[in-house]
Amino acid sequence: MDNFQFQSILRNQEIMFEHKVFIWIWHADKIPPHVGISLNDSYFSLKVSGKDTSISCHKTLSLAKQKKIALVLVELNIDLNQEKLLQEFN
């Protein structure tokens, strides 16, 4: 299995979601974790019970904090089109 080490970890920092892409790793302390993606303050996820499309990242993050879910956000340095992302989820 490959290993990866983050160069830096920021904890409890105010996150600005606008104009950024993040991979969300939910239940990072469990196997398997759940993975979602966000773009421009819109969160997307495929689940067994359906899908989350264009949910506010701030509300989603608040829910994770409230439920004390182990969550890792990884900011990606990519150019991603929101329209294309919506097409893929639909």
Side-chain angles (χ1 to χ4, degrees):
M1 176 179 238
D2 290 331
N3 290 325
F4 178 83
Q5 288 188 328
F6 291 98
Q7 291 179 350
S8 64
I9 297 175
L10 305 175
R11 299 174 188 267
N12 300 321
Q13 177 184 345
E14 181 68 28
I15 301 170
M16 303 304 294
F17 292 106
E18 293 76 17
H19 310 294
K20 295 183 181 179
V21 178
F22 288 92
I23 295 293
W24 297 55
I25 305 170
W26 293 85
H27 303 286
D29 56 342
K30 295 184 173 44
I31 297 176
H34 177 76
V35 178
I37 189 167
S38 67
L39 171 63
N40 297 333
D41 195 30
S42 294
Y43 175 76
F44 301 84
S45 173
L46 297 177
K47 306 181 294 188
V48 172
S49 60
K51 61 184 173 180
D52 293 330
T53 306
S54 297
I55 297 176
S56 164
C57 290
H58 295 286
K59 289 181 182 179
T60 306
L61 182 59
S62 292
L63 177 67
K65 287 179 179 180
Q66 176 186 352
K67 292 188 172 188
K68 298 183 180 177
I69 296 172
L71 174 66
V72 175
L73 295 176
V74 180
E75 185 177 353
L76 302 180
N77 187 18
I78 63 171
D79 185 27
L80 188 59
N81 180 297
Q82 190 159 356
E83 187 175 309
K84 176 103 169 111
L85 185 61
L86 276 168
Q87 285 177 345
E88 293 298 325
F89 270 84
N90 289 328

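Everything numeric in this text was worked out from a predicted model, so none of it was measured.
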S.K.: Give every residue pair that meets the salt bridge (charged side-chain N to carboxylate O under 4.0 Å, His left out) criterion with at least one member in residues 64-88, sequence neighbours excluded.
M.R.: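 The answer is Lys84-Glu88.
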S.K.: Using side-chain contact (heavy atoms from CB on, under 4.5 Å) as the criterion, point out the one residue from Leu61, Leu76, Ile15 that pairs with Phe22.
M.R.: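 Filter result, single survivor: Ile15.
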S.K.: Same cluster or not: Phe44 versus Val21, using hydrophobic residues (I, L, V, M, F, W, Y) connected whenever any side-chain heavy atoms lie under 4.5 Å apart?
M.R.: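 Hydrophobic grouping puts Phe44 with Val21.
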S.K.: If a pair satisfies salt bridge (charged side-chain N to carboxylate O under 4.0 Å, His left out) and one of its residues is in residues 30-56, list it, with sequence neighbours excluded.
M.R.: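 Of all non-adjacent pairs touching residues 30-56, those that pass salt bridge (charged side-chain N to carboxylate O under 4.0 Å, His left out) are Lys47-Asp52.
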S.K.: Side-chain contact test, heavy atoms from C-beta onward, threshold under 4.5 Å: evaluate it for Glu18 versus Asn40 and give yes or no.
M.R.: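 A side-chain contact under 4.5 Å is absent here.
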S.K.: Give a yes or no on whether Ile23 and Leu86 share a hydrophobic cluster (residues Ile, Leu, Val, Met, Phe, Trp, Tyr; joining criterion: side-chain heavy atoms under 4.5 Å apart).
M.R.: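 Yes; Leu86 is reachable from Ile23 via cluster members.
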S.K.: Nearest 0.5 Å, please: how far is OG in Ser38 from CG in Leu85?
M.R.: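 Separation between the atoms: 9.5 Å.
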S.K.: Applying side-chain hydrogen bond (donor to acceptor under 3.5 Å, both in side chains), name anything that partners Ser42, two or more places apart in sequence or on another chain.
M.R.: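 Only Gln82 meet the side-chain hydrogen bond (donor to acceptor under 3.5 Å, both in side chains) criterion with Ser42.
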S.K.: Do you know the tightest heavy-atom contact between Pro33 and Ala28?
M.R.: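 Shortest heavy-atom separation between Pro33 and Ala28 comes out as CB-CA, 4.4 Å.
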S.K.: I'd like to know whether Trp24 forms a side-chain contact (heavy atoms from CB on, under 4.5 Å) with Cys57, so could you lay out the CA-CA distance, the side-chain angles of the two residues, the decisive distance to 0.1 Å, and finally the verdict.
M.R.: CA-CA 10 Å; Trp24 297 55; Cys57 290; 3.9 Å; yes
S.K.: With rounding to the nearest 0.5 Å, note down the distance linking CG in Leu63 to NE2 in His58.
M.R.: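 Nearest 0.5 Å value for the CG-NE2 distance: 14.5 Å.
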S.K.: Verify the cluster assignment for Ile78 and Val35: are they in a single hydrophobic cluster under the rule of side-chain heavy atoms below 4.5 Å apart?
M.R.: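 The answer is yes; both residues are in one hydrophobic cluster.
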S.K.: If you measure from CZ on Phe17 to CG on Leu39, what distance do you get to the nearest 0.5 Å?
M.R.: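 Spacing of CZ (Phe17) from CG (Leu39) equals 12.0 Å.
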S.K.: Distance check, rounded to the nearest 0.5 Å: Leu80 atom CG versus Lys20 atom NZ?
M.R.: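 Going from the CG atom of Leu80 to the NZ atom of Lys20 covers 15.5 Å.
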S.K.: Going from OH on Tyr43 to OG on Ser56, what distance comes out if it is rounded to the nearest 0.5 angstrom?
M.R.: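 Atom-to-atom, Tyr43:OH and Ser56:OG are 12.5 Å apart.
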